[in-house]
Amino acid sequence: MDISYEKPKLEKLCLQEREADKKLGAISGKKLRSRLSDIEAAATVSELVAGRPHPYTNDDEGKFSLDLHGGDRLLFVPEEDPPPLKDDGGIDWSKVESIKVVFIGDPHG
């Protein structure tokens, strides 16, 4: 899959190992690099298996989450606008082939 970033700060965090380890800690930084590699290797979001992949609901509907370490998460949305939809109106993650990273950290903290 293709990966883009909502903000330059997120791109720097994802692409610079030192920056990620400094902001997130060594364990989450390492997990972030692993999750990004998993995303790049997958054809669609539904192929992701590591990091307890799951879509968000309610206020954060439209976002997808991958666990890093502790409470840290990598959140992304489909790059396609509008995204591919299922018959029920929800996002069809099995057809999402490019994503935009929108948040990295603890969304509950």
Side-chain angles (χ1 to χ4, degrees):
M1 276 186 291
D2 294 323
I3 303 171
S4 66
Y5 305 91
E6 185 175 56
K7 297 176 181 171
K9 271 180 111 170
L10 282 173
E11 184 172 11
K12 182 178 180 183
L13 185 65
C14 289
L15 300 180
Q16 294 183 11
E17 181 176 336
R18 189 174 177 171
E19 185 71 18
D21 290 352
K22 182 175 142 186
K23 183 171 192 289
L24 303 170
I27 296 171
S28 278
K30 184 176 180 179
K31 295 269 186 179
L32 173 61
R33 291 185 289 281
S34 178
R35 299 293 178 259
L36 291 169
S37 291
D38 293 344
I39 292 168
E40 288 176 342
T44 68
V45 172
S46 63
E47 291 182 10
L48 298 172
V49 292
R52 201 174 59 93
H54 61 281
Y56 270 32
T57 56
N58 301 328
D59 292 345
D60 286 319
E61 191 164 355
K63 293 180 184 169
F64 202 91
S65 174
L66 296 175
D67 290 355
L68 298 178
H69 175 73
D72 289 339
R73 309 280 183 269
L74 177 138
L75 302 180
F76 59 83
V77 297
E79 182 66 49
E80 297 95 343
D81 188 21
L85 300 177
K86 297 185 285 188
D87 291 339
D88 68 4
I91 294 173
D92 187 346
W93 293 101
S94 70
K95 294 182 180 170
V96 174
E97 298 176 347
S98 63
I99 59 108
K100 179 176 11 179
V101 175
V102 296
F103 180 82
I104 297 170
D106 187 344
H108 306 109

On a heavy-atom basis, which atom in [X] and which in [Y] lie closest, and how many Å separate them?
X: Ser98; Y: Met1; value: N-CG, 4.4 Å
X: Ser94; Y: Ser46; value: CA-OG, 3.3 Å
X: Cys14; Y: Ile104; value: SG-CD1, 3.2 Å
X: Ala20; Y: Gly29; value: CB-CA, 4.2 Å

[atom1]/[X] to [atom2]/[Y] distance, rounded to the nearest 0.5 angstrom?
X: Leu68; Y: Arg33; atom1: CG; atom2: CZ; value: 10.5 Å
X: Lys63; Y: Tyr56; atom1: NZ; atom2: OH; value: 8.5 Å
X: Leu74; Y: Arg35; atom1: CG; atom2: CZ; value: 9.0 Å
X: Lys31; Y: Leu24; atom1: NZ; atom2: CG; value: 13.0 Å
X: Leu36; Y: Ile3; atom1: CG; atom2: CD1; value: 5.0 Å
X: Leu75; Y: Glu6; atom1: CG; atom2: CD; value: 10.5 Å

Compare all side-chain heavy atoms of [X] with those of [Y] and state whether any distance is below 4.5 angstrom.
X: Leu48; Y: Trp93; result: no
X: Val45; Y: Pro53; result: no
X: Thr44; Y: Glu47; result: yes
X: Val101; Y: Ile39; result: no

Determine, using the 4.5 Å side-chain heavy-atom cutoff (strictly less than), whether Ile99 and Leu10 are members of one ILVMFWY cluster.
-> yes

Is there a path of hydrophobic side-chain contacts, each under 4.5 Å between heavy atoms of I, L, V, M, F, W or Y residues, that connects Phe64 with Leu32?
-> yes

Enumerate, atom names and distances included, each donor-acceptor pair closer than 3.5 Å involving a side-chain atom of residues 82-91, sequence neighbours excluded.
| from | atom 1 | to | atom 2 | distance (Å) |
| --- | --- | --- | --- | --- |
| Asp88 | OD1 | Gly90 | N | 2.8 |

Please check if atom CG in Leu15 has more than 12 non-hydrogen atoms from other residues, nucleotides or ligands closer than 6.0 Å.
->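 Result for CG/Leu15: enclosed.
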
Residue pairs fulfilling salt bridge (charged side-chain N to carboxylate O under 4.0 Å, His left out) with at least one residue in residues 68-79, sequence neighbours excluded |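 The answer is Asp67-Arg73.
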
For residues 89-109, the salt bridge (charged side-chain N to carboxylate O under 4.0 Å, His left out) pairs (sequence neighbours left out) are Asp92-Lys95

Donor-acceptor pair, side chain of Ser34 and main chain of Lys30, under 3.5 angstrom |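 Side chain of Ser34 to backbone of Lys30, a donor-acceptor pair under 3.5 Å: no, none is there.
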
